[in-house]
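Data block below; observations after.
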2 protein chains.
Amino acid sequence: MSLYDKTEHLYTLIHKINRKLRNPKFDSTDQHVLPPITKVQWWILKTVWERKQCTAGYLAKMIGVRPSTMSQMLDRLENADFIVRFTDAADARVRIICLTDKGQNIFHHSESKFVEKLAGPLGYLTPEEQQFLILLMEKLARHFPKQNND
Amino acid sequence: MSLYDKTEHLYTLIHKINRKLRNPKFDSTDQHVLPPITKVQWWILKTVWERKQCTAGYLAKMIGVRPSTMSQMLDRLENADFIVRFTDAADARVRIICLTDKGQNIFHHSESKFVEKLAGPLGYLTPEEQQFLILLMEKLARHFPKQNND
DNA sequence: CTATTTTGTTTAGTATAACTAACTATATTT
DNA sequence: AAATATAGTTAGTTATACTAAACAAAATAG
């Protein structure tokens, strides 16, 4: 199998696995009582949660979208009462994003919901295989041209 | 590191790598002359190409979307002259999808464009690591609850 | 053999995610 | 003080998803 074929095969595998991990919002087999958030929304909440607070621009860089996209994503999250925005005292251009109580709540509840989808299949690998898979994926991720400083 | 933490970490890695492989259409660093198609569109063309022809319903199952979603995706691809739809002679409800010459062309040209994004980073792994990564990803993919028969 | 149900696809309406381009407001530099 | 750069927002567009409702054709049931 040529390198190109290998690459294509792996590309296919990543694509397929990722689709299996997709938004529960768009997943009819998943009927939950919790207000549904999408994977990217969860990602934003996670990013804010990890730093307690951060700017809109930082979020855009971390998530890998344009500031305009982030602005509208934040509109939706603010509308849903998951985050609050306020102006930085030091620089009035900058908007500081924080989680509300509701936002923290939904984040923690959704987290398991998202990660669980992967937990089952991963359980079929031996601990050694799991460890090695993570190692290889880390190595792979490291070598992508980085646009966001992570 | 607990199993949950491992799972979450892997989830993060898959998420990030997948975002790096995203639609060139939404990627400002990628300026191409070729008419841009999205990853999912490429996936649809690929699926049709592999069987020469198939039904709309089959495509929906393979891609993992509702028939209504597929119908609209096919509208766009048909509008762009990448596919043609015609009615099955044996069962007038069924729509057969085929690639046009233009569709085959764009598929082949886009394929490398998509796969290339992965080729670079994958090149940093040794051939053994590449092989093992594919093996582990295959094993992982196998154990997802299958909704589409692939 | 008509009447009902199931199947395959489409249409309509909605929401999210992503983009570019143009704009506003504040900071920084010249 | 004027010009430029930075941080975010707004407006407009496209693609991807969904549900619900419709439609036509095929399959089944009484």
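Each chain gets a letter, A, B and so on, in the order the sequences are listed, and its residues count up from 1.
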- prompt: Regarding A:T87 and A:R95, is there a side-chain donor-to-acceptor distance under 3.5 Å anywhere?
  reply: yes
field: Sequence-distant partners of B:E78, side-chain contact (heavy atoms from CB on, under 4.5 Å), two or more places apart
entry: B:I83, B:R85
- request: Measure from the side-chain heavy atoms of A:R66 and tell me the nearest of C:dC19, C:dT10, D:dT10.
  value: C:dC19
statement: Out of D:dT9, C:dA12, D:dA7, minimum distance to the side chain of B:Q72 belongs to C:dA12
query: Is NZ or CZ of B:K39 both nearer than 6.0 Å to the six-membered ring centre of A:Y11 and within 45° of the ring axis?
result: yes
- prompt: Taking atom P of C:dA17 as reference, at what distance in whole Å does atom CH2 of A:W43 sit?
  reply: 14 Å
field: A:Y124 atom OH, neighbour heavy-atom count above 12 within 6.0 Å
entry: no
query: For the pair made of CD1 in A:I63 and P in C:dA18, what is the distance, rounded to whole Å?
result: 9 Å
- prompt: What integer distance in Å separates A:D75:CG from C:dA18:P?
  reply: 15 Å
query: CG of B:L59 versus P of D:dA17: gap in Å, rounded?
result: 13 Å
task: Could you work out which one of C:dT9, D:dA17, D:dG8 sits closest to the side chain of B:R95?
output: C:dT9
D:dT16 phosphate, OP1 or OP2, under 4.0 Å from B:Q41 side-chain N/O: yes
message: Using only atom types and a distance under 3.5 Å, with no angle test, would you say the side chain of A:K117 pairs donor to acceptor with the backbone of B:F144?
response: no
- prompt: Among D:dA17, C:dT16, C:dT9, which nucleotide sits nearest the side chain of B:T69?
  reply: D:dA17
message: Please check this pair: side chain of B:T47 against backbone of B:W43, looking for a donor-acceptor N/O pair closer than 3.5 Å.
response: yes
field: Where protein sits on nucleotides 21-30 of chain C, one letter per nucleotide: B base, S sugar-phosphate only, - none, heavy atoms under 4.0 Å
entry: B---BBS---
field: Interatomic distance where CZ belongs to A:R85 and P belongs to D:dA7 [whole Å]
entry: 16 Å
message: In whole Å, I'd like the distance from the CZ atom of A:F86 to the C1' atom of D:dA7.
response: 16 Å
field: B:M70 CE to C:dG8 P, straight-line distance once rounded to whole Å
entry: 15 Å
N-O pairing of B:E138 and B:R142 below 4.0 Å: no
message: D:dA17, OP1 or OP2 - any side-chain N/O from A:R19 closer than 4.0 Å?
response: yes
task: Whole angstrom is fine here: how far is it from CZ in A:R76 over to P in D:dT9?
output: 13 Å
message: Applying a 4.0 Å non-hydrogen cut-off, can you work out what A:M73 is touching in the nucleic acid: base, sugar-phosphate, or nothing?
response: sugar-phosphate
